[in-house]
Amino acid sequence: MEINQKFKFLEGTFDTLTDKMLCIASDNHGTVELCLKEEGCGWNIPIGEIKLYDSNLYVDFKATMDDAKKLGDEISRRWNECANKK
């Protein structure tokens, strides 16, 4: 399935059958993001963030980072597994 997007420096569509989803945790930026990795492209395109705390405190990010990464990895695994079945 082709998904249209509108990002500042990116044009085109994502193909849900060939593009892979990754979970990228960045301690420096304080984020755990779900990203799409287009085949043949070196960029990881962020499409969502996993945030398991309701404050904007770094200490809360650190306390939940491992679990957020586990959840992101599970979401990515299911996305990629579903694409492989089609």
Side-chain angles (χ1 to χ4, degrees):
M1 174 187 303
E2 295 287 322
I3 304 293
N4 291 311
Q5 46 70 35
K6 186 173 182 172
F7 292 112
K8 192 173 187 177
F9 299 108
L10 188 63
E11 294 181 10
T13 60
F14 295 114
D15 186 349
T16 60
L17 296 177
T18 59
D19 295 346
K20 299 295 180 193
M21 184 177 287
L22 306 171
C23 179
I24 308 293
S26 173
D27 191 25
N28 291 339
H29 294 106
T31 60
V32 176
E33 294 179 319
L34 293 174
C35 300
L36 289 178
K37 175 81 170 171
E38 189 174 2
E39 200 171 315
C41 177
W43 292 10
N44 298 323
I45 311 300
I47 59 167
E49 183 177 353
I50 297 175
K51 185 176 175 182
L52 299 178
Y53 56 97
D54 62 356
S55 69
N56 288 322
L57 300 176
Y58 179 75
V59 67
D60 292 336
F61 163 74
K62 286 297 286 182
T64 60
M65 182 177 154
D66 289 339
D67 288 326
K69 177 74 169 125
K70 289 176 192 174
L71 178 59
D73 287 340
E74 182 65 14
I75 292 169
S76 298
R77 182 189 67 78
R78 291 181 185 201
W79 168 285
N80 295 328
E81 184 177 281
C82 184
N84 289 336
K85 288 182 180 180
K86 297 198 186 246

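Side-chain contact between T64 and K51: absent, with no pair of heavy atoms (C-beta onward) separated by less than 4.5 Å.
No single ILVMFWY cluster, assembled from side-chain heavy atoms under 4.5 Å apart, contains both I50 and L57. Cluster membership check: I45 does not share its hydrophobic cluster with I24, using side-chain heavy-atom separations under 4.5 Å among Ile, Leu, Val, Met, Phe, Trp and Tyr. When the side chains of ILVMFWY residues are joined at heavy-atom separations under 4.5 Å, either directly or via intervening members, L34 and W79 end up in a single hydrophobic cluster. Using a 4.5 Å cut-off between side-chain heavy atoms of Ile, Leu, Val, Met, Phe, Trp and Tyr, with links allowed through other members, L71 and F61 fall into the same hydrophobic cluster.
For R77, the CZ atom sits in a packed shell: over 12 heavy atoms of surrounding residues, nucleotides or ligands are nearer than 6.0 Å.
Atom-to-atom distance recorded for L22:CG and D73:CG is 9.5 Å, nearest 0.5 angstrom. To the nearest 0.5 Å, the span separating CG on L52 from CE on M65 amounts to 12.0 Å.
Without hydrogens or angle criteria, T31 side chain to E33 main chain gives no donor-acceptor distance under 3.5 Å. A donor-acceptor pair under 3.5 Å is formed between the side chain of K69 and the backbone N or O of C23.
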Kindly indicate, with the supporting measurements, whether the criterion side chain to side chain contact (heavy atoms under 4.5 Å, CB included) is fulfilled by Y58 and D27.
CA-CA 9 Å; Y58 179 75; D27 191 25; 2.5 Å; yes
Given V59 and Y53, is the side chain to side chain contact (heavy atoms under 4.5 Å, CB included) satisfied, shown in steps?
CA-CA 10 Å; V59 67; Y53 56 97; over 6 Å; no
CA sep, side-chain torsions, deciding dist, call: T13, I3, side chain to side chain contact (heavy atoms under 4.5 Å, CB included)
CA-CA 5 Å; T13 60; I3 304 293; 5.9 Å; no
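In terms of heavy-atom proximity, C35 sits nearest to N44 at CB-CB, 3.9 Å.
Remark: K70 engages D67 in a side chain to side chain contact (heavy atoms under 4.5 Å, CB included) (not counting sequence neighbours). Partners of F14 by ring-ring contact (aromatic ring centres under 6.0 Å, His included), not counting sequence neighbours: none found.
Between S76 and the choices K20, K37, M21, E81, the side-chain contact (heavy atoms from CB on, under 4.5 Å) rule is met once, by M21.
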